[in-house]
Engineer: 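Structure below; questions to follow.
When a ligand or atom number is given, it counts from 1 through the structure's own listing order.
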Amino acid sequence: MIQSLQNGFTLDNHYLRDLKGPVPVPTQYAPSLGVHRGSCPVEPHKDQEIQRHRSAQAAPLLGSCCVQTPAPMDVQMCQSIQPCHADHQGDLSAGQLLKWMDTIACLAAERHAGMACVTLSMDDIQFEETGRVGQVITIKSKVNRAFTTSMEVGIRVSVQDVREHVERLVCVAYSTFVGKPAGPQKVLLRPVEDLCSAEEQLQHSLASERRRLRLYNEQTFSTLLQDYHTLANDPLSAVSTEFTRVESIELVLPPHANHHGNTFGGQIMAWMENAATVAASRLCGCFPSLRSVDMFRFRGPSSVGDRLVFKAVVNNTFNNSIEVGVRVEAYNCEEWTANKPRHINSAFLIYQLANTPGDVPAFPQVTYTTQDGERRYLSAIVRKRIRMARKHILSCKEEAPLSVPWDKSNQVYLGYNNVAALTVLAGKQDWEASSISDRVAVYVHEEVELLCVQVQMEVMSSALHAFTLLADLTLRPLWDKHYLSCEEVERADEEETVYHIKCPPINGGKSRDFVFLLSKRQPCKDGDPYVVALRSVTVTTVPPVEGFLLTSHSPKKAYWRCHL
Ligand SMILES: CCCC(=O)SCCNC(=O)CCNC(=O)[C@H](O)C(C)(C)COP(=O)(O)OP(=O)(O)OC[C@H]1O[C@@H](n2cnc3c(N)ncnc32)[C@H](O)[C@@H]1OP(=O)(O)O
């Protein structure tokens with residue numbers, strides 16, 4: 001089954017694989033991506049087959065164990081914020097919050113895996129609100145998706161003032177966990193099944209895109225950093241970052257660790273936040289608030305008895321924020337004597353000034369005096385650029401921007417946005433049948449100032465073949481009379497390509513041209529759909545062409561289309 005939506009296609013792998021047999025005719029006209037398999041009577045059986053296959057095949061291959069446990073459920077913590085959870089100003093301490101979030105997420109992960117789990121990473125977190133002593137904090141977590149050995153856990157934190165009965169969102173975060181039995185083997189996880197609600201199905205689909213972002217994170221950073229090594233710095237008018245250095249040590253004791261003796265990730269994050277806050281306040285001479293953290297990646301384990309050394313320093317300051325970097329080194333007894341540390345974690349924390357009377361209006365400028373300081377100073381600029389791109393594209397409360405410049409700092413987020421927008425659209429519940437014939441069905445979905453059209457049709461072809469043809473836009477003029485020409489402008493990687501398309505005029509108007517980012521995704525797992533998503537972007541290498549109306553350059557007229 002091919003579903004062509006407003007901005008792309010999804011190909012239902014399962015239907016296409018079974019085309020030789022009877023083609024399942026949809027009994028209800030809600031669209032189904034691969035992730036809607038729960039509603040199809042054939043699919044659960046297929047899943048069991050896949051799982052049996054995985055258990056039988058994969059475990060011996062990877063020398064690992066396979067786990068069978070009940071379906072995952074929400075894990076929830078709800079408690080009143082006490083003075084012992086707060087900082088000196090009565091605000092919930094960010095370190096305490098990170099500790100709780102990690103613990104609750106770990107419990108959800110362990111419920112799914114049926115064994116002890118460890119935190120591999122926690123994605124960037126943006127704190128929207130803070131909690132105060134006396135308020136009630138609720139943390140909910142749930143496994144969204146299990147990949148091969150890792151799983152994504154979604155975490156939602158809110159606070160409530162019991163007198164107001166209003167719940168405020170503090171943050172939404174995503175952690176990645178892996179199963180960790182006592183021993184070196186890797187654990188294959190069973191897939192998350194029983195996706196009952198539309199939200200669960202959506203999160204399951206989006207989880208694979210978020211995973212892509214995680215895995216590309218470091219690559220994006222390194223590519224961008226190459227462009228920044230020549231930035232000048234004025235050493236005269238600024239405070240040296242060396243002045244903000246903080247070093248602090250902790251001995252890991254049993255209450256800081258789980259029953260296997262692994263130091264809790266949340267505890268490490270809390271200690272990191274503590275060191276970072278001291279560095280930030282040393283620079284400002286006041287108490288800035290933690291606004292966001294970049295992804296925490298737990299590179300290696302630490303355990304009871306380890307000494308953890310936290311090294312924090314302000315990397316750079318901007319108009320309204322500062323970035324503090326923290327590095328964590330672990331030593332066991334022998335490593336301590338031999339002075340051979342293990343680098344187990346690095347993270348970047350972003351502080352802003354709280355709106356407290358008496359606070360200085362802006363952060364002092366900083367400068368570096370060492371080569372390492374220069375690297376950190378420039379890296380902070382690059383990370384800031386990536387954060388801005390992320391904020392612009394991913395955190396928009398309203399509709400994501402229609403046409404935005406495509407460049408190195410935002411290309412992974414645009415790819416994410418492209419696929420996620422199509423996934424969200426396909427997952428909407430209220431598609432109405434508009435015209436149904438033997439082989440083609442058209443559905444519409446209306447929103448304010450937006451009409452979405454979905455076309456479903458059967459093609460006598462393998463999913464991979466249809467996907468390959470549809471994902472190469474340069475072939476399109478061969479079979480689509482609405483395309484005069486199509487040129488590849490830039491290829492970011494195997495999955496993201498920018499095309500320039502020229503189209504004939506409609507109703508005697510001007511000819512039009514478009515610049516599209518095409519993002520294609522093969523199924524992450526059996527049963528996932530093939531996805532080809534298109535969205536308007538602007539690139540400097542495609543200026544307006546004489547005689548053509550460059551539609552992508554007008555943000556209000558972005559144009560997404562597809563024909564089969
Ligand atoms: C509340 C209790 C829980 C805790 O707090 S536990 C304490 C804190 N955590 C720790 O101590 C863990 C320390 N880290 C480690 O021991 C190792 O890094 C760990 C987790 C065993 C992973 O081992 P590695 O061999 O390095 O990992 P790997 O390359 O085989 O990848 C394993 C899976 O992770 C994925 N991955 C890699 N980089 C990632 C990233 N940046 N973000 C999210 N996922 C990532 C990778 O794709 C793989 O997943 P999959 O097998 O494809 O499903």
Engineer: Please verify the inter-ring angle class for Trp271 with Phe310; under 30° counts as parallel, over 60° as perpendicular, anything in between as tilted.
Structural biologist: perpendicular
Engineer: Using distance alone, with no hydrogens and no angle criterion, decide if Gln76 and Arg156 have a side-chain donor and acceptor under 3.5 Å apart.
Structural biologist: no
Engineer: If we count only non-hydrogen protein atoms and require a distance under 4.0 Å, does atom 29 (O) of ligand 1 qualify as touching the protein?
Structural biologist: no
Engineer: Among all the protein's non-hydrogen atoms, which is closest to atom 17 (C) of ligand 1, and how far away is it?
Structural biologist: Arg299 O, 4.1 Å
Engineer: Go through the steps to decide whether Ser519 and Tyr416 satisfy the test side chain to side chain donor-acceptor pair (under 3.5 Å), and finish with yes or no.
Structural biologist: CA-CA 9 Å; Ser519 311; Tyr416 171 84; over 6 Å; no
Engineer: Please list, in number order, the atoms of ligand 1 under 4.0 Å from a heavy atom of Ser121.
Structural biologist: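 So the atoms of ligand 1 that pass are 42 (N), 43 (C).
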Engineer: Can Cys117 be said to touch ligand 1, with heavy atoms closer than 4.0 Å?
Structural biologist: yes
Engineer: So with a 6.0 Å cut-off around NZ of Lys140, is the heavy-atom count from everything else above 12?
Structural biologist: no
Engineer: Is there at least one pair of N or O atoms, one from Lys180 and one from ligand 1, spaced under 3.5 Å apart?
Structural biologist: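 The answer is no, given that Lys180 and ligand 1 share no N or O pair closer than 3.5 Å.
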Engineer: Check whether the ring centres of Phe177 and His112 lie less than 6.0 Å apart, and answer yes or no.
Structural biologist: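 No, the ring centres sit 6.0 Å or more apart.
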Engineer: Quick check: Met295 and ligand 1, any N/O pair under 3.5 Å apart?
Structural biologist: no
Engineer: For ligand 1, which atoms, with element, lie under 4.0 Å from some heavy atom of Phe147?
Structural biologist: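 By the 4.0 Å cutoff, the relevant atoms are 53 (O).
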Engineer: How close does the nearest protein non-hydrogen atom get to atom 11 (O) of ligand 1, and which residue and atom is it?
Structural biologist: Pro301 CA, 3.5 Å
Engineer: Going by heavy atoms, is Lys186 under 4.0 Å from ligand 1?
Structural biologist: yes
Engineer: Taking all atoms of both residues into account, what is the closest heavy-atom pair of Glu273 and Leu349, and its distance?
Structural biologist: CA-CD2, 4.0 Å
Engineer: Which heavy atom of Thr138 sits nearest a heavy atom of Cys78, and at what distance?
Structural biologist: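 The pair with the smallest heavy-atom distance is OG1-SG, 3.6 Å.
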Engineer: Quick one: do Glu323 and Lys384 make a salt bridge, cutoff under 4.0 Å?
Structural biologist: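 Result for this pair is no, no salt bridge flagged.
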Engineer: For atom 34 (O) of ligand 1, what's the nearest protein heavy atom and its distance?
Structural biologist: Leu120 CD1, 3.2 Å
Engineer: Could you tell me whether some N/O pair between Asn258 and ligand 1 is separated by less than 3.5 angstrom?
Structural biologist: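 N/O-N/O distance below 3.5 Å does not exist for this pair.
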Engineer: Atom 14 (N) of ligand 1: which protein heavy atom is closest, and how many Å away?
Structural biologist: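 Atom 14 (N) of ligand 1 sits closest to the protein heavy atom Phe298 O, 3.0 Å.
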Engineer: Has Arg132 got a side-chain atom pairing as donor or acceptor with Gln89's backbone, closer than 3.5 angstrom?
Structural biologist: yes
Engineer: Has Met151 got any heavy atom lying under 4.0 angstrom from an atom of ligand 1?
Structural biologist: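 Judged by the 4.0 Å heavy-atom criterion, Met151 does not count as contacting ligand 1.
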Engineer: Closest non-hydrogen protein atom to atom 7 (C) of ligand 1, residue and atom name please, with distance?
Structural biologist: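 The answer is Thr263 O, 2.8 Å.
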Engineer: For atom 20 (C) of ligand 1, state which one of Thr119, Leu189, Val178 supplies the nearest heavy atom.
Structural biologist: Val178
Engineer: If you scan the protein for heavy atoms around atom 23 (O) of ligand 1, do you find one that is closer than 4.0 Å?
Structural biologist: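 No, no protein heavy atom sits under 4.0 Å from atom 23 (O) of ligand 1.
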Engineer: Decide whether Thr119 and Asp102 meet the rule of one side-chain donor and one side-chain acceptor closer than 3.5 Å.
Structural biologist: yes
Engineer: For the side chain of Asn258 and the backbone of His260, is there at least one donor-acceptor N/O pair under 3.5 Å apart?
Structural biologist: yes
Engineer: Is the shortest distance from a heavy atom of Asp102 to ligand 1 less than 4.0 Å?
Structural biologist: yes
Engineer: To which of Gly265, Ser175, Ser303 does the heavy atom nearest atom 5 (O) of ligand 1 belong?
Structural biologist: Gly265
Engineer: Tell me the closest heavy-atom pair linking Pro405 and Asn410, and the distance in Å.
Structural biologist: O-ND2, 2.7 Å
Engineer: Note the single closest protein heavy atom to atom 1 (C) of ligand 1, along with its residue, its atom name and the distance in Å.
Structural biologist: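 Ranked first by proximity to atom 1 (C) of ligand 1 is Phe264 CD2, 3.3 Å.
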Engineer: Identify which of Thr176, Thr149, Leu215 has a heavy atom lying nearest to atom 36 (N) of ligand 1.
Structural biologist: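 Result: the heavy atom closest to atom 36 (N) of ligand 1 is in Leu215.
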Engineer: Cut-off 3.5 Å, side chains only: do Gln82 and Ser80 have a donor facing an acceptor?
Structural biologist: yes
Engineer: Does the protein put a heavy atom less than 4.0 Å from atom 50 (P) of ligand 1?
Structural biologist: yes
Engineer: Which heavy atom of the protein is the closest neighbour of atom 47 (O) of ligand 1, given with residue, atom name and distance?
Structural biologist: Arg211 NH2, 3.3 Å
Engineer: Could you identify the single nearest non-hydrogen protein atom to atom 26 (O) of ligand 1 and state the distance to 0.1 Å?
Structural biologist: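 Heavy-atom neighbour on the protein nearest atom 26 (O) of ligand 1: Arg297 NH2, 4.5 Å.
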Engineer: Show, in sequence, the C-alpha distance, side-chain angles and deciding distance for Gln352 and Ser321, and conclude whether the side chain to side chain donor-acceptor pair (under 3.5 Å) test is met.
Structural biologist: CA-CA 5 Å; Gln352 283 180 355; Ser321 62; 5.3 Å; no
Engineer: Polar contacts were defined as any N/O atom of the residue lying under 3.5 Å from an N/O atom of the ligand; does this apply to Ser150 and ligand 1?
Structural biologist: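 Yes, Ser150 has an N/O under 3.5 Å of an N/O on ligand 1.
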